[in-house]
Amino acid sequence: MVKGIIFDFGFTLFYFDNPSVERYYECFKKGLVKSIDILKEKQIWREEVSNEAFIKKFTKRREHFFRKSIKTKTEFPTSLIFQNVLESLREENIINGIDHIDQHTYDKLAEIYHSCEEDEWEPFENTRETLKTLSEKNIKIALISNHPNHQTIENMLNKHDLAIYFNYIMTSAKYGKRKPDPDIFLFTLEKMGLKNHANSVIVCGDEYADIIGAQRANLQSILLERKYKFPFEKEINISNLRKISNISEILDVIE
Ligand SMILES: [Mg+2]
């Protein structure tokens, strides 16, 4: 009997229309320009200095931390990247006076940076109905997303009135480690109150990190097959891997 389901976010419950690397970059650049506007308002970034210097440094740091996060399974939240970039710009005497910037401001900068993403991700047609049906069957529902800003995930769930269905919402930004590290799954399992029921919990996601993470945490798994392939995707070599192609099919699996 299934007692709980841990869903992934991107391309499991929500989709991003016409995804491409260019589209992602375009979206992040828009957000970054908005974040720089905040820094201008706070007189940290001077109007007369071009945005490009900031964009260049930020992009470089983000790529550095992204590679590091893949390698180490540690998450480096976007707020930390902003902090790192501002500290480095101060060391180079390009800006001064950042001591008064508090965590709340770094969090806000990160939220604004990801705000464009919030307009792009949409729940699949059957997401709400599926979550509703599962919760009516008293199945505990959690979410684990590899995302560098926790608030962005909460905002997207709230925007579509879906947060109500979740017993627990976890992100790599909040936990500090990324899927497939088993610890993020085990921590979430405990928060769901199902610590001693691992074999009655299913992880449903669209990629390697979800399925292999589930396996490492001794949880069941179901792969939601995505319509498009991503570059550099890791293959999942598991025999008898359960697959669905629409989120609502999970209801048949738990019957
Ligand atoms: Mg995904």
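All values reported here derive from a predicted model rather than from experimental measurement. Indexing begins at 1, ligand by ligand and atom by atom, following the structure's order.
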>> Tell me whether D183 is salt-bridged to K177, with the criterion being a basic N under 4.0 Å from an acidic carboxylate O.
In response: yes
> Under 4.0 Å between a Lys/Arg side-chain N and an Asp/Glu carboxylate O for E136 and K132?
Replying inline: yes
> Within D8, is some N, O or S atom less than 2.8 Å away from the Mg ion (ligand 1)?
Replying inline: yes
> Does any N, O or S atom of D206, backbone or side chain, fall under 2.8 Å from the Mg ion (ligand 1)?
Replying inline: yes
> Using the ring of each side chain (for Trp, its six-membered ring), is W121 parallel, tilted or perpendicular to Y24, with breaks at 30° and 60°?
Replying inline: tilted
> Quick one: do the H114 and T78 side chains pair a donor with an acceptor below 3.5 Å?
Replying inline: yes
> Is the Mg ion (ligand 1) under 2.8 Å from any N, O or S atom of R226?
Replying inline: no
